[in-house]
Amino acid sequence: MSDAKISFRTGQGGLPLVRVETGESTADIYLQGAHVTHFQRHGEKPLLFMSRASVFEAGKPIRGGVPVILPWFGPREGKPPHGFARLHAWQLLEAGLSPTQGTRLRFRLPNVPEMQEWPRFVAEFIVDAGHALDLELKVTNVDDTRPLPLETCLHTYFAVGDIARTEVRGLRGARYLDNLDGLREKPETAEAISFSGEVDRVYVHTADTVEVVDRAWGRVISVAKAGSLSTVVWNPWIAKAQRMPDFGDDEYLRMVCVESGNVKTNAASLPPGQSATFAVTLDSREL
Ligand code: TA6
């Protein structure tokens, strides 16, 4: 991997980003949220979806790529949805070669003001980009006495050629909380989940690999994970897409979220001194 190159650039909205170029792929990671906004193998379609309407401003979430979600998932009264980690610039602690993919970047969330309300914790995020995209999120409770209530999620937006020709496989037999039906728990009976309306499901107690079959672009995207028991599947469809100012009205046609982490029923209560780590490998192959 001696042809790996890491460079620092000014991205959209003047926000700093790290660009990783290897013999196989290119990746962009904004310091804001340690947010992977782009990963593309040479000669292939981009793996990740980015909204053309996304905001790129300090303190605002970026719409697309891999939002890093912690310490809570979903809405919270009087707080930003999906926690505060994605709203701040992370520090880049390490940049080098990786034994698996090619290049390895290690980011840490600095002590931001919102942390005052929480037991003291350290969050680190590792991005290994090469043939595939390996991501690892580690949170350590460094408080002396208090347990850390914690939800973590990599809220990954995948680019697809046509949502009408896309299906998600690997969740049959799992149970999900239906966010469109009061989070009622339901069994997944379908071998393949297809899309003809909004889908917003939190699958719990499942460690299984999930595949996105993207027939329009002739590929299968795989989401393999370790240490994660929750998988979220989301497409906003028409009405919700129109309600999101940082998302194009027609962009629901070309994306699907398959998110990995530990949320809702799989949330943790981390004792002092303990860490919670999970990892995902995002890859693709021809159909
Ligand atoms: O993960 C699915 C979800 O919780 C949806 O309900 C939708 O709100 C989506 O996340 C986007 O959340 P965001 O805060 O990024 O707009």
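Both counts, for ligands and for their atoms, begin at 1 and track the order of listing.
Neither the backbone nor the side chain of M244 has a heavy atom within less than 4.0 Å of ligand 1. With a heavy-atom cut-off of 4.0 Å, R243 does not touch ligand 1 at all. Only the side chain of K240 comes within contact range of ligand 1, with a heavy atom under 4.0 Å; no backbone atom does.
Residue contact check: D200 has heavy atoms under 4.0 Å from atoms 2 (C), 5 (C), 6 (O) of ligand 1. Close approach of ligand 1 to N179 (heavy-atom distance below 4.0 Å) involves ligand atoms 6 (O). Near E259, meaning under 4.0 Å from one of its heavy atoms, ligand 1 places the atoms 1 (O), 2 (C). Per-residue contacts place P81 under 4.0 angstrom from the following atoms of ligand 1 (heavy atoms of the residue considered): 14 (O). Residue contact check: V232 has heavy atoms under 4.0 Å from atoms 1 (O) of ligand 1.
Annotation: F49 is in aromatic contact with F247 [ring centroid separation under 6.0 Å].
Considering both main-chain and side-chain atoms, W234 never comes within under 3.5 Å of ligand 1 through any nitrogen or oxygen pair.
In this structure a side-chain-to-backbone donor-acceptor pair under 3.5 Å is present from R41 to H131.
Using a non-hydrogen distance threshold of 4.0 Å, R86 registers as a contact of ligand 1.
Test N266, L229, L171 against T206 for side chain to side chain contact (heavy atoms under 4.5 Å, CB included) and you get one pass: L171.
Counting only heavy atoms from C-beta outward, the side chains of V212 and T166 approach each other to under 4.5 Å. At least one side-chain heavy atom of E188 sits less than 4.5 Å from a side-chain heavy atom of Y203.
Clustering ILVMFWY residues whenever any of their side-chain heavy atoms sit less than 4.5 angstrom apart, transitively, puts I29 in the very cluster that holds I6. Linking ILVMFWY residues whenever their side-chain heavy atoms come closer than 4.5 Å, directly or via other members, places Y176 and F195 in the same cluster. Tracing side-chain contacts under 4.5 Å through hydrophobic residues (I, L, V, M, F, W, Y), one reaches V68 starting from L148; they form part of the same cluster.
Regarding atom 16 (O) of ligand 1, its nearest protein heavy-atom neighbour is R63 NH2, 2.9 Å.
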